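Okay, handing you the structure first.
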Amino acid sequence: MITRFVKEHGGVTRKLTSRQTGDLIKEVAKLYPVPASRLDHVIWRYTSGRKVFKDEE
């Protein structure tokens, strides 16, 4: 789900491996100073149809 999100919203037209997707997530996370794991989790929640942030966040 993460790779599909990155391809769709990042304008990527070539096939991505999981490693390449992770590397892109890390680079984007640096721009927003957030941990890459946090960004990955937010994307996962969004693509799975869950609330992106919990009420207490």
Side-chain angles (χ1 to χ4, degrees):
M1 289 192 315
I2 304 297
T3 299
R4 188 175 336 131
F5 178 90
V6 169
K7 285 187 73 166
E8 288 175 8
H9 297 280
V12 178
T13 57
R14 62 184 170 85
K15 183 176 171 121
L16 288 175
T17 65
S18 296
R19 180 175 298 249
Q20 290 169 323
T21 301
D23 290 343
L24 287 170
I25 295 289
K26 289 175 189 172
E27 291 302 314
V28 171
K30 288 179 190 176
L31 298 173
Y32 290 93
V34 297
S37 59
R38 174 86 169 135
L39 180 56
D40 179 82
H41 188 70
V42 167
I43 293 170
W44 184 86
R45 290 183 69 83
Y46 175 81
T47 57
S48 68
R50 297 178 184 202
K51 284 177 130 180
V52 174
F53 297 104
K54 297 177 184 173
D55 290 335
E56 65 271 5
E57 295 180 305

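Worth saying up front: this structure is predicted, and the values here are computed from it rather than measured.
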Quiz item: Looking at CG of Leu16 and OG1 of Thr21, how far apart are the two atoms once the value is rounded to the nearest 0.5 Å?
Solution: 4.5 Å
Taking distance alone, no hydrogens or angles, what donor-acceptor pairs closer than 3.5 Å link side-chain atoms of residues 22-29 to residues at least two apart or in another chain?
unit_1 : atom_1 : unit_2 : atom_2 : d
Glu27  : OE2    : Lys30  : NZ     : 3.2

Practice problem: Not counting sequence neighbours, list each pair that qualifies as a salt bridge (charged side-chain N to carboxylate O under 4.0 Å, His left out) and has a residue in residues 4-17. | Solution: none
Exercise. Under the side-chain hydrogen bond (donor to acceptor under 3.5 Å, both in side chains) rule, collect the residues that match up with Thr13, sequence neighbours excluded.
Key: none
Quiz prompt | Within residues 7-26 or reaching into it, pairs that qualify as ring pair (Phe, Tyr, Trp, His ring centres under 6.0 Å) - sequence neighbours excluded | solution =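 Found Phe5-His9.
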Exercise. Name all residues meeting the side-chain contact (heavy atoms from CB on, under 4.5 Å) criterion together with Thr17; count only those two or more places apart in sequence or in a different chain, and write none if there are none.
Key: Arg19, Gln20
Practice problem: Not counting sequence neighbours, which residues clear side-chain contact (heavy atoms from CB on, under 4.5 Å) with Pro35? List them please. | Solution: Ser37, Arg38
